[in-house]
Amino acid sequence: MDYNFREIEKSWQNYWAEHKTFKTEDDYSKPKFYCLDMFPYPSGAGLHVGHPEGYTATDIICRYKRANGFNVLHPMGWDAFGLPAEQYAIQTGTHPAITTQKNCDNFRRQIQSLGLSYDWDREINTTDPAYYKWTQWIFTRLYNTWFDGEQQKGRPIEELSVPAEIESKGKEAVREYIDEKRLAYYDNAQVWYCRHCKTVCANEEVLNDGSHEKCGTKEVERRFLKQWMLRIPHYAERLLTGLDNLDWPEGVKDMQRNWIGRSTGAEVDFLLDGVDEKIRVYTTRPDTLFGATYMVIAPEHELVDVITTEEHKDAVNDYVRSAALKSDLDRTDLAKDKTGVFTGRYAINPLTGKKIPVWVADYVLTGYGTGAIMAVPAHDTRDFEFAKTFGLDIVCILDPKDAEPELREKVLKGDACWTEDGAYINSANESEGLDIDGMSKEDGLKTVIEWLESKNLGKATVNYKIRDWLFSRQRFWGEPFPVIHWEDGEVSVLSDEDLPLILPDVEKYLPGETGESPLANAGDWLYVTDSNGRKGRRETNTMPQWAGSCWYYLRYIDPKNDEAPFDKVKENYWMPVDLYVGGAEHAVLHLLYSRFWHKVLFDLGVVSTDEPYLKLYNQGMILAFAYETASGSKVPSDMVEERDGSYFHIETGEELKQIVAKMSKSLKNVINPDDVVEEYGADSLRLYEMFMGPLDATKPWTDTGVKGVYNFLRRVFTFFSNLDNVSEKDDTKETLKLLHQTIRKVGDDVEDLKFNTAISQMMVFTNHCYKAGKVSRLTAETFMQVLAPFAPHIAEELWNLYGNDASVSLAEWPKVNEEYLVENTFEYPVSFNGKMRFKLELPLDISKDDAEKAVLEHEAAKRWTEGKTVVKLIYVLGKIINVVVK
RNA sequence: GCCCAGAUGGUGGAAUUGGUAGACACGUUGGACUUAAAAUCCAAUGGCCAGUAAUGGCCGUGCGGGUUCAAGUCCCGCUCUGGGUACCA
């Protein structure tokens, strides 16, 4: 029989759909397994071969878990708000909902053609009002939550007690006080604005080369705009410590830790000379205070005007103005020399009592710490560079005892910067009763902080890099904020029964130049009047694309619930997500935002777990071969020919180098999953994506590789569909042994997500069957069960051929029979001085002495022992024998 | 600069706690089938050396050291590649 995969795959996909084979029931009697894929943005380009990689991996695990008695939740949906559909609307006038619908349909068709065992009854779409109703609902929860620092917990805003002193100042003051505590707030903030996308974007979306992550252009700039922000830094500590117990790749955890950026140090107050103000600095090294020879404040610091002396006003003003005009890229470019200007003012170093100059420089950032630093040029590279540039004092207070003498000499003289540990010198002030000379760093830090606290000059502080999350966009295609701005200045959120606030129709999708959202033209929708005749205007910004993906895993649990985001009992059963698979590109943003929302919902009692995703796994990227000339310019694949293993340009004849690169239209090396399914079938595509290499590795696509696994499936079909090969007779011992080894190996490898080696084991088994010629029906059926999670269509077909009416997907995973695996002997590799020389079969229960005798008396051993003394013999049961000779 | 991951045949990649390096697959070569080709099936396939051959030896997991009876695996020092991050005091 021919392997007619087209027919087989179509008929089984229809069967599964008709019988709802993969429908998930809320059967609480079974152990649950929640396996989640990062849902895709349904782009117009359709599925990329990278998508099926993760989806196949989770599908295999889910099928395996079902066979092992688990109730499995394995859903799919669409992260469908986003710019491309809106861009298309601007160009063509087509409503983004129409484009989105079309793209979702195409994605669904493509995904379904792969035979993935999703419960399609749970499909969700972030753009569906029935879904974003609850995204808006969560936003109102964020708005009505404050963070209790003492309890380290978010609490309902009603539980916030307003100090009497504020209360006495009137309603306005109370509102202001409360608004300052809310997790979501509306404020005038300096934000990134992308002129190309015509929208603001989060700090995180602006890449370090100054380009916008979403569009790739560098048309981003700073603007002051009233925007919605979320106070994610309040959860910094919990987002950080929560990572410790998660089964996530260490790299991802590290990236989140870096992003949160916790540091410990102290805030220290410096008194100023001649003006009744003080400047508070943040430093991680208060122990180096004796070496602070000047201070720097950021150009945006609130005291710049106050402290600048008359004669320096012009210079400082000029500098502050030019710093404001600079892009952040210019300000952070390392290659650039340090700039700054003296304010004319001096501060007093509280430890030395010396006057130190206060400068303004843009290497100090407003948003971090207090926006002011004490500079210790001898032991900080940035301060050192600045001090060298402007000729400021450099006092060494850490003797680099372990450094090379030459370098040490320079450091002591202040001619070089030393940022590592050393012994404190010049760090004593008798009159102040402080002396840390000779102390360890740990004691130095402790002593100085204690001294500062006792004198009320400073205190130990913890700082985080993470900033408030800019949460609004000037875009049409996003969740509308359920917010009304009233004419008297009050801001209110809609009550639950008024949700969802549906996105209105607009004529033009283009945002205004000034950063105004398209919703500002939404006519009637825009204006509201309350029962008292008070007029209000709806919020015209929309939520960023992150919003919908922050909580979608919760909605899958109960996707059609109209009374609540999900049922609590169901949530309690299904959460947390046991395995979450997706690309590493979401290592920080999506996963951090999502954890943040989840923790807030946990604090409010909406969800039952503190963390949403127990185990995270990042699939690697699938790349493609590409070609470049000696000078490094890329050549499209259709201009390349292969001759004798080398590659040449079709037109110029130039020899080309084969490289591995991302698939791209310009390189003409994009693989379309549809084409692969058409040519080799879904089972081959699934199998190849898993066989290419480890799931987390980056690896290049090869067409011959697909052919290889197709060949395997064809061999499976050819052998096992021939009933002459599948007899009622018993198997040989070898066949049974190999079959049970295969059951074990495949099961173990699936649990470890090592699909490539599982497939290789199935190949070994199939190759054995060809050699054996005949296997029993039971063996053939068992093998189909093992193959089914990987290549479900072919497995169903053959399973059915053997007379099974029920789907193989419902069959229980075969048990390993240890009897077949028992070994009595082992073929020991015998080494002499670590080099393997010959093999010797010995009983496994042989004693060491007998083994030694058997080895040394063996004919082949003579050659290696002749004329030498046997020093000792290493005998590792079932592993190796090593003879040490001299 | 800093943090993380990686480097194994012509290629993708295997290798429990240190214990036979190269499983499986691609490619290549040879054979069978065929008028022929394709497809398929069978076999060989890390490099070098010796031998007609069976076979045997040496070298081999990015580089240099070390620990060990034994190192792809552990330790120290580098090189290169990929990812993240960047004046965060």
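Both backbone and side-chain heavy atoms feed into the values below; hydrogens, waters and symmetry mates do not. Letters A, B, ... are given to chains in the order of the sequence lines, protein chains preceding strands, and every chain is numbered from 1.
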Exercise. Taking A:Thr825 for the side chain and A:Glu841 for the main chain, is one N or O donor matched with an acceptor at less than 3.5 Å?
Worked result: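 No; judged by distance alone, with no hydrogens or angles, the pair does not exist.
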Exercise. When you measure from the centre of the six-membered ring of A:Trp259, is the NZ or CZ of A:Arg595 under 6.0 Å away and within 45° of the axis?
Worked result: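 No cation-pi geometry.
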Exercise. Just checking, A:Lys338 and A:Phe386: is the charged tip under 6.0 Å from the six-membered ring centre and within 45° of the axis?
Worked result: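 Output no; distance or angle outside limits.
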Exercise. Which sits closer to the 5' end of RNA chain B, A:Met621 or A:Ser263, going by the nucleotide each is nearest to?
Worked result: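 Residue closer to the 5' terminus by nearest nucleotide: A:Met621.
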Problem set entry | Nearest-nucleotide comparison on RNA chain B, the residue closer to the 5′ end among A:Lys835 and A:Trp259 |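 First, find each residue's nearest nucleotide; the 5'-ward one identifies A:Lys835.
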Separation of atom [atom1] in [X] from atom [atom2] in [N], rounded to whole Å:
X        : N     : atom1 : atom2 : result
A:Met255 : B:C3  : CE    : P     : 16 Å
A:Leu589 : B:U85 : CG    : P     : 8 Å
A:Asp703 : B:G27 : CG    : P     : 11 Å
A:Arg257 : B:U85 : CZ    : P     : 17 Å
A:Tyr770 : B:A43 : OH    : P     : 13 Å
A:Tyr617 : B:A5  : OH    : C1'   : 12 Å
A:His768 : B:C41 : NE2   : C1'   : 18 Å
A:Phe270 : B:A89 : CZ    : C1'   : 12 Å

Compare the minimum distances between each of [options] and the side chain of [X], then state the nucleotide with the smallest one.
X        : options             : value
A:Met763 : B:A43, B:C87, B:A25 : B:A25
A:Thr704 : B:A43, B:C26, B:C69 : B:C26
A:Lys338 : B:A89, B:A25, B:C87 : B:C87

Taking the same atom, [atom1], in [N] and in [M], what whole-Å distance lies between them?
N     : M     : atom1 : answer
B:A86 : B:C4  : C1'   : 15 Å
B:G9  : B:C48 : P     : 15 Å
B:G22 : B:G13 : C1'   : 10 Å
B:U61 : B:G66 : P     : 16 Å
B:A15 : B:A25 : P     : 16 Å
B:A23 : B:G72 : C1'   : 15 Å
B:C75 : B:U81 : C1'   : 24 Å
B:U28 : B:G46 : C1'   : 14 Å

For this session: Check whether any side-chain nitrogen or oxygen of A:Tyr368 sits under 4.0 Å from OP1 or OP2 of B:A89, and answer yes or no.
Result: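 For B:A89, OP1 or OP2 has a side-chain N or O of A:Tyr368 closer than 4.0 Å.
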For this session: Could you tell me whether the phosphate oxygens of B:A25, OP1 or OP2, come under 4.0 Å of any side-chain nitrogen or oxygen in A:Asn767?
Result: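 Yes.
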Problem set entry | Pairing of A:Arg257 and A:Glu250 as salt bridge, 4.0 angstrom limit |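 Answer for the salt bridge query: yes.
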Exercise. Are A:Lys699 and A:Glu53 close enough for a salt bridge, meaning some N to O gap below 4.0 Å?
Worked result: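 A salt bridge is present here (some side-chain N lies under 4.0 Å from a carboxylate O).
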Need one value for [X]: base, sugar-phosphate or nothing, where a base atom within 4.0 Å counts as base even if backbone is also close, heavy atoms only.
X        : answer
A:Asn711 : sugar-phosphate
A:Gly708 : sugar-phosphate
A:Arg837 : sugar-phosphate
A:Lys662 : nothing
A:Trp248 : nothing
A:Asp696 : nothing

Exercise. How far does CG of A:Leu685 sit from OG1 of A:Thr56, to the nearest 0.5 angstrom?
Worked result: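 Answer for the CG-OG1 pair, A:Leu685 versus A:Thr56, is 6.5 Å.
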Exercise. Once you round to the nearest 0.5 Å, how far does CD of A:Glu679 lie from CZ of A:Arg6?
Worked result: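 One gets 8.5 Å once the value is rounded to the nearest 0.5 Å.
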For this session: Using a 4.0 Å cut-off on protein heavy atoms (strictly under), produce a 5'-to-3' string for nucleotides 8-22 of chain B with B for base contact, S for backbone-only sugar-phosphate contact, and - for none.
Result: ----BSSSBB-BB--
Exercise. For B:G9, does the O4'-C1'-N9-C4 (purine) or O4'-C1'-N1-C2 (pyrimidine) torsion place it in syn, i.e. within 90° of 0, or in anti?
Worked result: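 Glycosidic conformation of B:G9: syn.
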Exercise. Have A:Thr742 and A:Gln761 got a donor and an acceptor in their side chains that come within less than 3.5 Å?
Worked result: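 Note: A:Thr742 and A:Gln761 side chains meet the donor-acceptor criterion.
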Exercise. Is there a donor on the side chain of A:Lys707 or the base of B:C26 sitting less than 3.5 Å from an acceptor on the other?
Worked result: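 Side chain to base: no pair below 3.5 Å.
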For this session: Let me have RNA chain B in dot-bracket notation, would you? Count Watson-Crick plus G-U wobble pairs, both distances under 3.5 Å, and use [ ] for pairs crossing earlier ones and | for inter-strand partners.
Result: (((((((..(((......[....)))((((((.......))))))(((((....)))))..(((((..]....))))))))))))....
For this session: Under the side chain to side chain donor-acceptor pair (under 3.5 Å) rule, what do A:Tyr3 and A:Ser684 come out as? Steps first, then yes or no, please.
Result: CA-CA 12 Å; A:Tyr3 174 37; A:Ser684 289; 4.8 Å; no
Determine all donor-acceptor pairs shorter than 3.5 Å in which one atom belongs to a side chain in residues 368-380 of chain A; sequence neighbours excluded.
unit_1: A:Tyr368; atom_1: OH; unit_2: A:Ser263; atom_2: OG; d: 3.0
unit_1: A:Thr370; atom_1: OG1; unit_2: A:Arg280; atom_2: O; d: 2.6
unit_1: A:Thr370; atom_1: OG1; unit_2: A:Tyr282; atom_2: N; d: 3.4
unit_1: A:Thr370; atom_1: OG1; unit_2: A:Ala372; atom_2: O; d: 3.3
unit_1: A:His379; atom_1: ND1; unit_2: A:Trp418; atom_2: O; d: 2.8
unit_1: A:His379; atom_1: NE2; unit_2: A:Ile397; atom_2: N; d: 3.0
unit_1: A:His379; atom_1: NE2; unit_2: A:Leu398; atom_2: N; d: 3.1
unit_1: A:Asp380; atom_1: OD1; unit_2: A:Arg382; atom_2: N; d: 2.9
unit_1: A:Asp380; atom_1: OD1; unit_2: A:Arg382; atom_2: NE; d: 3.2
unit_1: A:Asp380; atom_1: OD1; unit_2: A:Asp383; atom_2: N; d: 3.0
unit_1: A:Asp380; atom_1: OD2; unit_2: A:Arg382; atom_2: NH2; d: 2.5

Exercise. Hey, do the aromatic rings of A:Trp248 and A:Tyr617 have their centres closer than 6.0 Å?
Worked result: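 Centroid separation for A:Trp248 and A:Tyr617: 6.0 Å or greater.
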Exercise. When the aromatic ring centroids of A:Phe691 and A:Phe755 are compared, is their separation below 6.0 Å?
Worked result: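 A:Phe691 vs A:Phe755: aromatic centres not under 6.0 Å.
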